[in-house]
Each structure stands twice: as structure tokens, then as C-alpha cells.
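In what follows, a single structure is set out as C-alpha cells and then discussed.
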Amino acid sequence: MRLLTGNDLKSGAVTWWTGSDWSIHIEDAVDVTGSEDEIARREEAARRVNVPYAIDAELHEGSPRPSHIKERVRALGPTVRPDLTLKPADPEIGNWVI
Amino acid sequence: MYAYDQYDQAMVDARVEEFRDQARRRLEGKLTEDQFKPLRLMNGLYLQLHAYMLRVAIPYGTLNSLQMRALADIAEKYDRGYGHFTTRQNIQYNWIKLEDAADILADLAKVEMHAIQTSGNCIRNISSDHFAGATADEVVDPRPYAELLRQWSSFHPEFSYLPRKFKIAVIASEKDRAAMRLHDIGINIVQNDTGELGAAFYVGGGMGRTPMIAPCINAFVPLDHFVTYAEACLRVYNRYGRRDNKYKARIKILVHELGAEEYTRQVEEEFAQLLDQGIEPPLAELERIRTFFEDPPFDGDADAEIDRSDPDFAVWVDRNTVPHKQPGYVSAVISLKPVGGIPGDATAEQMRLMADLAKDYSFDECRVMHTQNIVLPHVRKADLHALWTALEDAGLGSPNLDTVEDIIACPGLDYCSLANARSIPVAQKISERFAANGKTGTLGELKLKISGCINACGHHHAGHIGILGVDRKGVENYQLLLGGSEAEDVSLAKITGPGFDENGIVDAVETVTSVYERERQDGERFVDTYRRIGMNPFKEALYG
Ligand code: SF4
């Protein structure tokens, strides 16, 4: 599957395209295969996202998991600061990223 | 410390307002990201893995307590309560919002700081010896010269769009504590036989994908012409440096391709022409600057003895303090390398504490080291125990300067969008391993440096032991390098062989230190043993 991601223009936060909006939670991301360029153009023009681009991902236990470690780190936050990741209490986080 | 005059302040204030307008236009959609990106980069604002990242310039690493406290306030108010001190003696914040960026720059300007020229193809923050003005081994305090270069290079109209970024270090000692020969220009202020001071110019060093040690192109430029000489070096580079290929655009490639001799010839020719134009700043300006760097009012009766009855304190004194030119004083190093911690990170509370300690014990001054620690340059020996106690209580008392635990690590894949692999977890595991096996002290001086990609922000080429993170088909892999140094015995490290995974690289570091323990002769450091016995014994131990 392909996911569309970028950074929120104002905050810089990593965001994922949900089909109708942007979410900071990768679980909300939808497959954009075939329409990534068009959505990216439109959303960037609407200033809702900064430098959007599409990435490869697979479904993992029902939610998308980026194929590359860099995007997995982006999705959750620095692996060395579990207090700052999006799922601070989840012991599986490390495994999901690595 | 240097204090802004009306011109410095006016320039910085004007830049804040200019950037405020640019950021507003970007947020309103009047600028595209392509248009805005070069503008934000000129103000140190990057877009990294998780958010915008702001890099703040700390000229030659020097801060007063007011500035350190302002950095803490920014960490708390606009970021997530911490900052990261870098190998260029700067600080980076990882979680900045574009809508806050101009306010942060305004807060910085209030304490005579900024983020100008911390990115982009311009002359970056000038770095220097973190013990400048405190050590007995310098021929002169290099900071006034670094400050003069800072002023010369700030908004220099000719050098704002160089082929590539440009880094300058200034030292004034045979001991190199600033990786001087691994800079685009390294300047070492030296004294000749007649006692006259001059600047030795080393040009074309650097790390990155093509590491090079800068050759000396002129061993003695009279100090009343050293800015003109720097100008000549830059002019030749600006004219002939390659703009067609980013990977060949640094001055080291130009010097290498032309040959040091030909490059020098061109510089000398340019220098001769520039001399006629009288571009050297007036001596009065250097004298004005020098007044800011006079010795603080040292206590002439300061006690020369240290009460070492507390054994933990004595270990810290032995490892983390260095001799001072003034009897009764030392320079004390605050380690930002707690075992298992993140090298170079400090919380807002820790920054505030360091600010207080600088005020109470070091004439209101502290320095950022390129090794990502903080120096209190002038501490009375009699105050050391009180200082150490305060540091211990705040988790800042690790006695590990220049040991295997004192690891340089770049942000790596945990934060950096250019990274191939994470650096920080490797540093954490190594420091934990050596703290657990109890060898940190017995291994002596061992400089371990980790980069998360070939850009080498973690100086891996210059580590006695270096580690480079690479991407092997989407999986993190780590190459091991041995034998580098960025000190006066400068050398470039060599790769041992095939790389290792995250746990394997920790084992590999332990393996090579075991070879050192087995082979070392009296007084040899790790790097000395490596230079004497060569790579093979280490390879055999690693790969069989
Ligand atoms: S060395 Fe590479 S990974 Fe590390 S901070 Fe520099 S660019 Fe990023």
C-alpha cells in the first residue's frame, strides 16, 4: 500500500492523509495508491501540509506500517525518548519501529 | 565575553523582523515551500524527521548565564523541555513550530544571540578552543580573533552564496581541541622565533563523504593581515569551487583537485591584490574586541590544594578538571554523557543549573565543547566540591571526560532526515556496557565517535574508534573504524571490514578494546597501540 505523509505547515508535526483530512496518527492513514500526486498537489496548495510525499507501507495487525525504518521513526517519534512518542505506554513500540 | 554594540544589535533585530515577515507570508500561502526554504535555512530553521528544528549559533561556544538561561527558557516555552548541544558548539531544538520561530529569534536577540548562518552555503559559526583564555598552553587568547572573524563573516555580501557551507576554527595552541585541521579553514595562531604572532592557515580539511586533513598553505600570516588572507582563501574558493556537483563542492575538493601548491599560489596572488585595497579591519577594532576578553578578576590567594577525602569527588576531579593558567584554578567539564543517556542533550532545568553554576563559580561564563559537554572555564579549586555536589544532584556529575563513555553521537535516525541509522541507541548501549564491565577508567583516553550517515556530524572519521551507520536494504548496519584523531596528532580512521548490527557493534567495540588491553605498552592510549600494531590484530579478533 502507499501512504501520503508530510509535515503540518504551522507545527511541523508529521501527518498522514486519512482520505478526507490529516492525522498525526498513522493508524488513521489510508491507501492512496494511484492518487498520491493529485492529493499531494491539492493539499499543498490548500496549505494544509508541507512537502507531502508518498511512501510504501504494509498492513500490520490491521494498521499500516511503513516499509522503511525512517518512516516508522517519523510515525512514532524518537526511539530514544519513549516519553515523547505517540504511544508512550505501549511496550510494543520498539518492536514496531525496529 | 564579547557584548554586542549598537550595530550588532541592530543587525540581529532587523533580521528577526525580516524573518517574522517571511514566516507570516509562508503561513498565509504567499510564499511556497520552495521559495521559503532558503529563507528559513538562513535563519537556522530546518525541517527534520518530527518537526522543524532550530539551530542556534553559539559563537566559539561561549555563553554567559543569562544566555544559558534564555536557552533553557526556549526549551521549555517552545520545545519539549530540552535541547541538544552539537559538535559545532551550537544548540539545536527538535520540536519547533513555524508559528513560534520568529518569537524564538526575538527572545534570542534579547540576549545577543541568533540563528543566522547556522545553515546554508555560507560561513558558519566560528568555532574555537573551549579552554581559550583559561589554558596555560596557548600563545594568546584566540577568541578575539574568532570574534573578529565572526563579525567579518556575518552577512558578508560576497560569501553568502558559496558553492557549499564553510566552517572555520581558530586555535592558538599546539594542542588542538577544536578539530582545527578538519575544517574548511583552520587557523592556528603561533609565535615565531622573534616572539611575533602570526596565523598558520590550514585549508581544505573536512569530514563528510570525502574526509581530508587540511594542509598548511601558509605557516605565518602576520596577524594584521589575517582577515585579508581569509578573504583571499574564500575568494579563490568562491570563484572556482564546484557548483555543478554538491558532493564535490566543498573547498577540500578544490584544494585537492588543484593541488595545495596551486591553490596556495592563487590565494597568494589574490592576497597581494587585496592588500592594496585595505580591507583589513582597523587594528582599533581588534583592540576594542580584545577588551572584552581580558582575564576575569582571579583570586590571587586561591588555594592550590584540593581536599580529595571524598573518593567519588576525587575521581571526578581527576577525570573532569584540567589545569588552568591561574594558580588555584581549574577548568571543570560538565559531562552531558550520563551512562545510558543521550550525548549532548540537556534539560531546561539542567541548563538553568549550569547557568547558575557558571555565575556562582566561573565568572558568569560557560563554554560548549565540540565533544558535546559544557566547560566552566575558571573555577577555584576551593569551590570544586560544592560544584561537584550540585552537578551530582542534577545527574551532571559523570566522571568520564575523554573516556569510552564520553561518546560523540550525532542525532542520527532518531531525529535527522538525512540519517541512515540511529546513533544514539548505539552510544547508550556502549556506555552502559563499559559502565557495567568497569573498564571505563582502565581504558584511559579513548575517543569514540558515532555518525548516523556519511555526512559525519558525529566525527566518526576522527574517532580513535569511529562508528558509521549505514542502510543495508532498509536495515541499520554499523561500520567500525579505528585510528582516527582530530587532535594535534590528527589522522583519519580506517574501516575494519564488514559492518555489524546494533548489538554486534557494541560487542565489536568491546572486542577491539580487549585487543588494546592485551597489546598495550606502558602509557599507550588506544590510538597509540593501534598505530604501533596496525589493523590486523584487531581484524583477527573481530572477524577470526
Ligand atoms: S551525520 Fe548524518 S545522520 Fe548524523 S546528524 Fe549529520 S546528517 Fe544527520
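All heavy atoms count here, side chains included; hydrogens, waters and symmetry mates do not. Chain naming here is simple, since letters A, B, ... match the order of the sequence lines and numbering starts at 1 in each.
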Might you work through the side chain to side chain donor-acceptor pair (under 3.5 Å) test for A/Y53 and A/D37, ending with a clear yes or no?
CA-CA 8 Å; A/Y53 58 98; A/D37 290 348; over 6 Å; no
Test side chain to side chain donor-acceptor pair (under 3.5 Å) on A/E36 and A/W17 and set out the steps.
CA-CA 10 Å; A/E36 52 258 56; A/W17 177 245; over 6 Å; no
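Between chain B and the options A/I69, A/T79, A/D8, A/V51, heavy-atom pairs under 4.5 Å are most frequent for A/T79. Of all the listed residues (B/E99, B/H50, B/M53), the one sharing the greatest number of non-hydrogen pairs under 4.5 Å with chain A is B/H50. Ranking B/I424, B/D100, B/N420 against chain A, the residue ahead of the rest is B/I424, based on heavy-atom pairs under 4.5 Å. Contacts with chain A were tallied for B/D471, B/D34, B/D345, B/N94; B/D471 has the most, counting heavy-atom pairs under 4.5 Å. Among A/K70, A/E71, A/E44, A/H68, the residue with the largest count of heavy-atom pairs under 4.5 Å with chain B is A/K70.
Using a cut-off of 4.0 Å between Lys/Arg side-chain N and Asp/Glu carboxylate O, B/R433 and B/D507 are scored as salt-bridged. Taking 4.0 Å as the cut-off between side-chain N and carboxylate O, B/E405 and B/K337 do not count as a salt-bridged pair. Salt bridge present: B/D21 and B/R25 bring a charged side-chain N and a carboxylate O closer than 4.0 Å. Under a 4.0 Å N-O distance rule, the pair B/R20/B/E17 qualifies as a salt bridge.
Proximity to chain A is absent for every atom of B/E502, based on heavy atoms less than 4.5 angstrom apart. Heavy atoms closer than 4.5 Å to chain B are found in the side chain of A/I98, but not in its backbone. Both the backbone and the side chain of A/V14 have a heavy atom closer than 4.5 Å to some heavy atom of chain B. Only the side chain of A/R47 comes within contact range of chain B, with heavy atoms under 4.5 Å apart. If you measure heavy-atom distances from B/L47 to chain A, the contacts under 4.5 Å come from the side chain alone. When heavy atoms are compared at a cutoff of 4.5 Å, B/A421 does not approach chain A at all. Only the backbone of B/L418 comes within contact range of chain A, with heavy atoms under 4.5 Å apart. Proximity to chain A (any heavy atom under 4.5 Å) is shown, for B/T32, by neither the backbone nor the side chain. Residue contact with chain A, scored on non-hydrogen atoms closer than 4.5 Å, involves the side chain of B/R422 exclusively. B/I342 touches chain A through its side chain: at least one heavy atom from C-beta onward sits under 4.5 Å away, while N, CA, C and O do not. Using a 4.5 Å cut-off between heavy atoms, B/Y78 makes no contact with chain A at all.
Residues A/S23 and A/D28 bring a donor and an acceptor atom of their side chains to less than 3.5 Å of each other. Of the N and O atoms on the side chains of B/S119 and B/R55, not one donor lies less than 3.5 Å from an acceptor on the other residue. A side-chain donor-acceptor contact under 3.5 Å links B/Y82 and B/W95.
No donor-acceptor distance shorter than 3.5 angstrom exists from the side chain of B/K449 to the backbone of B/G458, with no hydrogens or angles considered.
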